[in-house]
Novice: 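Quick one: structure below, then a few questions.
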Amino acid sequence: MIDKINSLLKRVEEFRPKAEAEIEEFRVRMLGRKGEMNELFEEFKQVAPELKKELGQRINALKNTIAETITRYKTEMENRPEAAGAGIDMTRPGTADRIGSRHPISLVRNQIVDIFTRLGYTVAEGPEIEDDWHVFSALNFPPEHPARDMQDTFFISKSPDILLRTHTSSIQVRTMERSKPPIRVICPGRVFRNEAISYRAHCIFHQVEGLFIDENVSFADLKQSILYFAKEMFGEKARIRMRPSYFPFTEPSAEVDVSCNLCGGRGCNVCKHTGWLEIMGCGMVDPNVLEASGIDSGKYSGFAFGMGVERISMLKYGVKDLRLYFENDVRFLRQFDSVL
Ligand code: PHE
């Protein structure tokens, strides 16, 4: 019997399982109902009384060693790094973590800012709550101009006139007031107009406006700058055309159209079969505006332009309803995931 105990002990010491299943197999063989230990206990019943004490102790020690060995190997197996992946197909491609995406308005605003930064413009910002001077008076709006009307402007107070800016031209006024030419700024920001909300208008939207003032700035400079912008934004094939227009703060003034990037100018639904899409207003800064901000209009001239970020984004990405930009529906926003 001693021999049997020793040979079992040896088997336990030499036991080196490679998988969890082997440990379980070993446990059944040793400690199971028909296992080695039970056989040993059966034999033990026949042992002479004077040997019972010593043999009993040895058998118990053997049983403990077996149990300890099994527990040790089990914990070892469970803690192996491979254990975490058990049952997982390691050859499958991983699931990518979904990271947030930039809002299309931010994307397009950053792009516009980038393009003009390359032309040497710097970014200027200003308050959303403004006074009448910076939004209207300094920009040559006559006192009875309809844009001052309650229909268009959200007033906060009358006398003094405090209002939500209706365009970021107010930032250009502030820039002219505090700096000397040459001036080259772009002014991105939120603007507010009392408009009925529809697929093409909202009471809050975003603009980027620009201002360039120096000696001998001409309309040709304006046209080249806008053409450069259009090609950078809509592609090398983009063409522009200018139509005469009116703004109180520029003379002459123009609306800028870019060739429709969807049909290449042949005519489609989006460009209403004209081949052209309106993208911004622009013009040569009116001498009255320069003088109002303390700039010598005899020495300096300049141009200004302004565009709606929502509009550019709609044209660039083919978005048909402006309200989508404000709803924050993730199904809409996720479509811009891959756009940096
Ligand atoms: N401020 C004008 C607007 O909000 C845009 C504009 C800016 C037009 C500069 C001409 C020159 O519509």
Side-chain angles (χ1 to χ4, degrees), residues 1-111 113-114 117 123 206 313 316-319 321 323-340:
M1 190 159 191
I2 281 275
D3 285 349
K4 191 158 185 193
I5 293 175
N6 284 339
S7 97
L8 280 178
L9 207 54
K10 204 163 165 241
R11 267 168 74 186
V12 176
E13 276 162 10
E14 283 168 0
F15 177 54
R16 295 277 179 280
K18 282 182 203 67
E20 256 183 289
E22 280 179 43
I23 306 178
E24 180 57 14
E25 220 176 86
F26 184 75
R27 190 191 64 78
V28 174
R29 204 173 338 114
M30 291 297 176
L31 305 176
R33 234 174 350 112
K34 291 186 187 138
E36 306 278 6
M37 284 312 290
N38 265 358
E39 230 173 71
L40 215 53
F41 282 123
E42 279 307 314
E43 279 177 43
F44 183 68
K45 288 177 188 160
Q46 326 293 329
V47 166
E50 65 274 19
L51 292 176
K52 269 210 157 121
K53 188 171 175 217
E54 203 211 321
L55 276 178
Q57 279 173 353
R58 283 186 181 235
I59 292 177
N60 270 331
L62 173 65
K63 196 183 164 191
N64 288 341
T65 314
I66 296 174
E68 274 163 23
T69 308
I70 289 173
T71 332
R72 180 160 48 83
Y73 279 129
K74 265 195 177 164
T75 18
E76 239 171 57
M77 287 280 177
E78 276 164 16
N79 292 339
R80 280 193 319 185
E82 303 91 292
I88 291 178
D89 179 357
M90 301 301 274
T91 61
R92 274 180 60 178
T95 359
D97 279 343
R98 192 176 266 293
I99 53 169
S101 55
R102 268 185 226 287
H103 194 282
I105 294 302
S106 307
L107 288 173
V108 172
R109 190 217 27 228
N110 293 350
Q111 235 175 319
V113 168
D114 255 20
T117 314
V123 175
H206 300 78
S313 176
K316 196 171 160 83
Y317 297 122
V319 175
D321 193 328
R323 289 169 291 199
L324 286 165
Y325 291 121
F326 300 91
E327 286 166 358
N328 285 332
D329 185 328
V330 286
R331 289 169 302 179
F332 173 66
L333 298 177
R334 275 191 188 147
Q335 295 177 51
F336 300 89
D337 261 8
S338 56
V339 197
L340 276 177

Novice: How many angstroms lie between atom CD1 of Ile59 and atom CD1 of Ile2, to the nearest 0.5 angstrom?
Specialist: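 Reported value, rounded in 0.5 Å steps: 9.0 Å.
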
Novice: Does some side-chain heavy atom of Ser313 sit less than 4.5 Å from a side-chain heavy atom of His206?
Specialist: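 Side-chain contact under 4.5 Å: no.
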
Novice: Kindly write out the residues that satisfy side chain to side chain donor-acceptor pair (under 3.5 Å) with Arg331, not counting sequence neighbours, or none if the list is empty.
Specialist: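 Once residues adjacent in sequence are excluded, the partners of Arg331 under the side chain to side chain donor-acceptor pair (under 3.5 Å) criterion are Asp329.
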
Novice: Determine which pairs satisfy ring pair (Phe, Tyr, Trp, His ring centres under 6.0 Å) with at least one residue from residues 59-80, sequence neighbours left out, and list them in order.
Specialist: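 Found Phe15-Tyr73.
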
Novice: Could you pull out all residues at least two apart from Thr91 that satisfy side chain to side chain donor-acceptor pair (under 3.5 Å)?
Specialist: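 Partners of Thr91 by the side chain to side chain donor-acceptor pair (under 3.5 Å) criterion, ordered by chain and then number, come out as Asp89.
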
Novice: Can you measure from CG (Asp114) to CD (Gln111) and round to the nearest 0.5 angstrom?
Specialist: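 Asp114 atom CG to Gln111 atom CD measures 7.5 Å (nearest 0.5 Å).
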
Novice: For Asn110, what residues pass the side-chain contact (heavy atoms from CB on, under 4.5 Å) criterion, not counting sequence neighbours?
Specialist: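 Testing Asn110 for side-chain contact (heavy atoms from CB on, under 4.5 Å), a comparison that skips the adjacent residues, returns Arg102.
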
Novice: Measure the spacing between CZ of Phe326 and CD1 of Ile105 and express it to the nearest 0.5 Å.
Specialist: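 Rounded to the nearest 0.5 Å, the CZ-CD1 separation comes out at 6.5 Å.
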
Novice: Applying salt bridge (charged side-chain N to carboxylate O under 4.0 Å, His left out), name anything that partners Glu14, two or more places apart in sequence or on another chain.
Specialist: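 Per chain and number, Glu14 pairs via salt bridge (charged side-chain N to carboxylate O under 4.0 Å, His left out) with Lys10.
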
Novice: Would you be so kind as to tabulate the donor-acceptor pairs closer than 3.5 Å made by side chains of residues 40-48, with sequence neighbours excluded?
Specialist:
from: Glu42; atom 1: OE1; to: Lys45; atom 2: NZ; distance (Å): 3.4
from: Glu42; atom 1: OE2; to: Lys45; atom 2: NZ; distance (Å): 3.1
from: Glu43; atom 1: OE2; to: Lys4; atom 2: NZ; distance (Å): 3.4

Novice: Could you list the donor-acceptor pairs under 3.5 angstrom formed between side-chain atoms of residues 22-36 and any protein atom two or more places apart in sequence or on another chain?
Specialist:
from: Glu22; atom 1: OE1; to: Lys18; atom 2: N; distance (Å): 3.2
from: Glu24; atom 1: OE1; to: Arg27; atom 2: NE; distance (Å): 3.3
from: Glu24; atom 1: OE2; to: Arg27; atom 2: NH2; distance (Å): 3.0
from: Glu36; atom 1: OE2; to: Arg11; atom 2: NH1; distance (Å): 3.2

Novice: Who passes side chain to side chain donor-acceptor pair (under 3.5 Å) against Arg323, sequence neighbours left out?
Specialist: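 Here the qualifying residues are Asp321.
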
Novice: Check this for me: Lys316, atom NZ, are more than 12 non-hydrogen atoms of other residues, nucleotides or ligands nearer than 6.0 Å?
Specialist: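 Check passes, neighbour count above 12.
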
Novice: Holding to salt bridge (charged side-chain N to carboxylate O under 4.0 Å, His left out), I want the full list of residues that pass it with Glu54, two or more places apart in sequence or in another chain.
Specialist: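 Scan of Glu54 (salt bridge (charged side-chain N to carboxylate O under 4.0 Å, His left out), adjacent residues dropped) gives Arg58.
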
Novice: Might you point out which heavy atoms bring Tyr317 and Leu107 nearest each other, and give the distance in Å?
Specialist: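 Heavy atoms of Tyr317 and Leu107 come nearest at OH-CD1, 4.1 Å.
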
Novice: Taking only residues two or more places apart in sequence or in another chain, which ones pass side-chain contact (heavy atoms from CB on, under 4.5 Å) with Asn328?
Specialist: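 Listed in chain order: His103, Leu333.
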
Novice: Which pairs of donor and acceptor atoms, one on a side chain in residues 62-71, lie under 3.5 Å apart (sequence neighbours left out)?
Specialist:
from: Thr65; atom 1: OG1; to: Ala61; atom 2: O; distance (Å): 2.7
from: Thr69; atom 1: OG1; to: Thr65; atom 2: O; distance (Å): 2.6
from: Thr71; atom 1: OG1; to: Ala67; atom 2: O; distance (Å): 2.6

